[in-house]
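Here's the structure we're looking at; comments come further down.
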Amino acid sequence: MVGQDIRSRGLRGYLGAKADSVFERITAGIPWRDFRKMLRGDPPDRPNPRLKPHSESFWLHIKPTYYHESVTRFTHTFRLGLLSTYLFVVELITGLILMIWYAPTPERAYADMVRLLSNVPMGQFVRDIHRLAAEAMVIAVVLHMFRTFLTGSYKKPRQFTWVTGVVLLIATLFLSFSGYLLPWDQLAFWAVTIGTSMAEASPTPPGAGWIGTALFGTSDWVGQFVNLLLRGAPDIGAGGLLRFYLLHVFFLPLVVIFFFFFHYYKVVHFGISLPAKEEEVGQDTANRVPADKRRYYLMDIAIDEIALLSVVTFVLVAVSAFFYDAKLEHIANPLKTPLHTTAPWYFYWLQGLLKIGDKVFWGLVVPGILIVLTFALPYLDYNPSRRGKDRRYALAAGFLFASWIVVLSFMGLPLYAVQSPPAEEVVQEFMPEEGVGPIREIPWSELEIGVYDTRTFQGSVPYSEFERVILEFKERIAHDPGLPNGSGIITVEAAGPGLKRIKFQIDYTDRDGKPAQFIKTFYLHESSLYWEQFTF
Amino acid sequence: MYGVSRLVIATMALVGTFVVVLLTAAQEPARMERYAANFHGREIEVGAQIYFEACATCHGQHGEGLVGPALNTADLLVPAPGQTRPPRLLALNYSGDLRSYLEGTITYGRPGTVMPAWGQAAGGPYRPDQIAALVTFIMNWGLDPGKQWGGAPERVAIGGVEPVPVVAAVPMATPPPRNIRSVDLGKYLFHGPAGCAECHTFDMATGKTGPDLTDIVQNKGRDYVRTSIVNPNGMVAPDHAPGIMPQTFAFALTDIELESLIDYLENPTAATQVVFATPTPPVPLDGKQVAQNAGCLACHSLDGSPMVGPTWQGLFGHEVELEDGSKVIADEAYLYEAIVNPAAKIVKGYQNLMPPNYEQLLTPEQITAIIEYIKLLH
């Protein structure tokens, strides 16, 4: 066979044909001549060989061959769906790298984190990207949904695309949240304890008590059962960590991947909805693209996407390298609740809701109704028009809802959290349990040994950094309405080689007019340098 | 043609990404070293918190050893010459390293002594990471073994709250016999070898680790007290954590000793003599450090130069002329009075500016230490 070929075409002709066929297998059907033209941006041959990869190749078969010119404008979609997908891929890759150095047990998890940060080259960098991309993904997905709402793209025939999108939104939130627990530090432990305690509040529906009586020996069983299911034990421990780990690295990614293909198939099938003003109300012409309006995926749109994703990658990498550090607090301590525990920021609205009142109603019933409404939106909104002027009520409701979420999130801020006794709050401001605070920012050697009493302390101009902080401390106590006749003493002592003991003492008159005192002692080592890892 | 700008942007972004990654990679060795130091420092801080909360009552504020053995010594912390292990481990013929020795001892305790098991593995309160942090703190002393770190300024917190008075321990001539049940034996054990007084008080005072024991036998009965001593986690007093009190007293005390201890708790005033012994002699105070912390040196010079107050140089044993023209010899009694009651005798040429409250701020031992220091300044 080979011999015959060579004889009929000559060696050069044979090798040329062979090279062509290998090339076309790699490019899924584009001959090299047209490939060069494609790279240069010249129009394709007729018949267009650049359509072939969309039927031949796996990755390109899920992409449409061309788009309507109007939907490719950046401001129409902001490419937020692509961005979310890309961030998810970044999460998969960085997550896989992080898994190499991580074991999900309480004995090892935190030590593994410390090892990752202090003994794995680029370990911190990869962790920072993973964390940053996760938060960016939450933002991208939420904005993507909001854009879809604003352009009315959830309307017929795309109702079910919206439903799968809501599933992806919820999965994204829980992906991010389940990853929270894995470092096994105080932040992780208590945020997740708060989160799962909401599940514990689940009420038993009336008439279902007998199931619990039969199986668990208690009629009020649903909350306990859900809690046990999530935490693996009454409190978070080895079981809970393993469950959250499996949710994070296996179950939820699987849900996202499954629903992503579901979602994206529908996006391609129905096409991206055109700007509302370009078609008649009630019509959907996204799939009927006139020849002069077509923009082909190869290579035009592909270059758009590559340029966008390159910039996103650069921003992610540069921010992680120079501006952002994922925090690692002290190791989880179930016996010591931090002063201010908070949920992740994307659940602040839920914390805000919980402050309104009853845990069951505001923590479960209201969010439950919200989720159902979000799912049902395309079926409830029967208005066929996607034009803004026809959708005044829907848009007003949408913006109202968005601002309501923002207000609730504000209410969920630590600022509005339950305050501890004033003296404790003052010390927390100057030397927080976690993070930096003014005292830890002072160079260790400038924390001079001595007793600094706010009643007698003057300092001398020019003030050292430490003296300035002591004067701030003095002002802070003097102006705190919760600390009448307040005065403070900061004692700095040596407590070991390179170690200082910093004791805060605040004396004041309590509500009963009796003298009261608050004392808290910290130790500070010269090389801890907290600010190095809490730059953001 | 495609828009050149898109290709330029994409190329620049990719090159930028590459450069940033390279820059980061180049700094990695230094960053990892810094982070290792950061976490080492934080571990020491955590260990210090635990040491001063749980260990210092028996092993001393400076690790100098009280009821428990000394920890802050070269004997334990510094490898013997030509060896990888310190002398104490060599003497025990312990084959592991110092860290494993300390972690093992702390986790499992020392059966037969008052040292309890602190590790959760043996029923104690602390997780393995906490014990590792504690050991890091103890081993950190090895950088300068035996040195006493701080401790003094707390007593000169001017305007602060009165420090808890330190009860001077009076050495006893002979301990009561340990095979005869007596209130004296109970008192001896309570303040001495059993170490109860390190954590418990009798005078409604708070601030110690364990509950106050005033009238404990009258209120709860002998059985409750006996059970609580041999099985401290059986019944835990409100506001106190389980697992702190050693669980080794059942082995460490004989029945006679146990009953004597309860006799003493039932009726502490029946003890005949102040008979408790100090396990170690009191540590001599550094007079200069005390003087510095108390603020003396702000007004008194050490080199003969005139300041607000008279210089200390060549003061002791010499004649001092007073305001009224009389002359006194600066002996110990004079100096003591001059410190606690400065207005009594004013040195000629000086005004009565010295604070009159040093008797409240300083203990007699600290005042004596200052006088001893002045003696050295010929």
Side-chain angles (χ1 to χ4, degrees), chain A residues 40-42 107 110-111 114 117-125 299-300 303-304 306-307 310-315 317-318 321-322 330-331 335 449-451 453 455-456 487 489 491-501 503 505 507 517 521-530 532-533, chain B residues 1-3 5-14 16-17 20-21 23-25 28-29 31-49 52 63 72 125 127-130 137 140-144 147 149-154 156-161 241 293:
Chain A
R40 284 175 171 174
D42 296 339
E107 293 79 30
Y110 187 80
V114 172
L117 292 178
S118 63
N119 211 11
V120 175
M122 307 298 273
Q124 189 207 17
F125 181 68
M299 273 305 275
D300 194 5
I303 287 180
D304 260 6
I306 289 169
S310 304
V311 171
V312 169
T313 309
F314 175 71
V315 171
V317 164
F322 302 123
H330 284 108
I331 189 168
L335 299 176
I449 305 277
V451 180
D453 189 326
R455 278 168 299 186
T456 53
S487 69
I489 299 173
T491 311
V492 182
E493 293 175 275
L499 189 67
K500 281 174 185 166
R501 178 187 294 122
K503 192 175 119 185
Q505 175 182 327
D507 294 274
Q517 195 178 57
T521 308
F522 292 91
Y523 295 87
L524 194 60
H525 191 270
E526 61 180 328
S527 56
S528 340
L529 305 179
Y530 286 84
E532 279 201 339
Q533 284 156 64
Chain B
M1 281 300 284
Y2 303 117
S5 58
R6 285 185 293 171
L7 291 173
V8 172
I9 290 171
T11 313
M12 273 168 49
L14 289 177
T17 306
V20 172
V21 171
L23 275 178
T24 315
E28 279 302 276
R31 184 197 62 79
M32 290 193 296
E33 210 165 288
R34 259 188 358 251
Y35 269 38
N38 288 172
F39 286 113
H40 179 71
R42 282 173 219 187
E43 212 180 7
I44 293 173
E45 291 165 13
V46 173
Q49 205 66 268
F52 291 106
N72 183 6
R127 298 187 307 268
D129 64 275
Q130 290 173 309
F137 167 78
N140 186 43
W141 273 326
L143 293 176
D144 197 350
K147 175 158 178 180
W149 296 90
E154 243 172 312
V156 272
I158 293 165
V161 162
N293 292 330

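Quick note on labels: first sequence line is chain A, next is B, and so on, each numbered from 1.
Between the CZ atom of A:F322 and the CG atom of B:L23 there is a distance of 5.5 Å, given to the nearest 0.5 Å. From A:S118, atom OG reaches atom CD of B:E33 across 11.0 Å, with rounding to the nearest 0.5 Å. Here the CD atom belonging to B:E43 is positioned 11.0 Å from the NE2 atom belonging to A:H525, to the nearest 0.5 angstrom.
Taking the side chain as every heavy atom from C-beta outward, A:H330 and B:V46 approach each other to under 4.5 Å. The shortest side-chain heavy-atom distance between A:Y530 and B:R42 falls under the 4.5 Å cut-off.
The two residues B:F39 and A:L117 make their nearest non-hydrogen contact at CZ-CD1, 4.0 Å. Taking both residues in full, the closest heavy atoms of B:A37 and A:S527 are given as O-OG, 3.4 Å, listed atom of the first, atom of the second, then distance. Closest heavy-atom contact between B:A10 and A:S310: O-CB, 3.8 Å. Shortest non-hydrogen contact noted between B:W141 and A:A495 is NE1-O, 4.4 Å. A:Q124 and B:Y35 make their closest contact through NE2-OH, 2.6 Å (heavy atoms, listed as atom of the first residue, atom of the second, distance). Scanning both residues, A:A321 and B:V20, for their nearest heavy atoms gives CB-CG1, 3.6 Å.
Of the listed residues (B:L14, B:D144, B:N72), the one with the most heavy-atom contacts under 4.5 Å to chain A is B:L14. Contact count versus chain A (heavy atoms, under 4.5 Å) is highest, among B:A25, B:A36, B:A48, B:G16, for B:A48. Of the listed residues A:I306, A:T313, A:D304, the one with more heavy-atom pairs under 4.5 angstrom with chain B than any other is A:D304.
Of the atoms belonging to A:L524, heavy atoms from both backbone and side chain fall under 4.5 Å from chain B. At a 4.5 Å heavy-atom cutoff, the contact between B:E45 and chain A is made by backbone and side-chain atoms alike. For chain A, the nearby part of B:D129 is the side chain; its heavy atoms alone come within less than 4.5 Å. Only the side chain of B:Q130 comes within contact range of chain A, with heavy atoms under 4.5 Å apart. Neither the backbone nor the side chain of A:V315 comes within contact range of chain B, judged by heavy atoms closer than 4.5 Å.
Side chain of B:R6 to backbone of A:D300: a donor-acceptor contact under 3.5 angstrom is found.
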(Q) Applying side chain to side chain contact (heavy atoms under 4.5 Å, CB included) to B:W149 and A:E493, what does each step give before you reach the verdict? (A) CA-CA 8 Å; B:W149 296 90; A:E493 293 175 275; over 6 Å; no
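Ring geometry for A:Y523 versus B:F52: interplanar angle under 30°, hence parallel rather than tilted (30 to 60°).
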